[in-house]
Amino acid sequence: MKENKVLFMAQAAMIAAIYVALCIIFAPISYGAIQVRIAEALTILPYFTPAAIPGLFIGCIIANILGGSILIDVILGSLATLLGAMGTYLLRKNNRFLAPIPPILSNTLLVPFILRYGYGEPLPIPFLMATVGIGEIAACGIMGIILLTILIKYKKFIFRTA
């Protein structure tokens, strides 16, 4: 039982670290009104392990802090990723191609309001929804599905339980 908790925490920590690293490496496109946050491809990981849920949430919090985000973005932006990760976990027994839908929807619906009212972005909310949505489709929908397809072949080696 104790080994399961250690494995869970180790997986969550690794996922958080990779999320932060991807946001920092790709910082110019990870933040702002028009963004493709490559790290969001990782939001498909709850398909394989529940440890990805806190890992993605904590990773997003840290990435937003290090990226210079305002407090409301750190909180609500990270909650959008958390909601998306939880949705992916809940859909894991369905068609694998549904895995990126929850993070795409949660970020597309929440992040534009943060950009508009938190950062004072003058663009209209529907336009911001389109730009965030396109970025999420690119990261979660395309890169996430590619990642999921690759990881399915190796899941018994990568995401094994103790």
Working to the nearest 0.5 Å, report the span between CG of Leu42 and CG of Leu147. 6.5 Å
So CG of Leu79 and CD1 of Ile61: to nearest 0.5 Å the spacing works out to 7.5 Å
Quick one: do Ile70 and Phe113 end up in the same hydrophobic cluster if we chain Ile, Leu, Val, Met, Phe, Trp and Tyr together by side-chain heavy atoms under 4.5 Å apart? no
Are Ile72 and Val111 connected, step by step, through hydrophobic side chains (Ile, Leu, Val, Met, Phe, Trp, Tyr) whose heavy atoms are closer than 4.5 Å? yes
Heavy-atom closest pair, residues [X] and [Y]:
X      : Y      : answer
Ser78  : Cys60  : OG-C, 3.5 Å
Ile15  : Gly55  : CG2-C, 4.1 Å
Tyr31  : Ala63  : OH-O, 2.7 Å
Pro122 : Arg116 : O-NH1, 3.1 Å

Strictly by modelled atom types, are [X] and [Y] linked by a side-chain donor-acceptor pair under 3.5 Å?
X      : Y      : value
Ser30  : Gln35  : no
Tyr119 : Asp73  : yes
Thr108 : Glu136 : no

Can you find a heavy atom in the side chain of Ile53 that is under 4.5 Å from one in the side chain of Phe57? no
Enclosure of Met129 CE (heavy-atom neighbours >12, cutoff 6.0 Å): yes
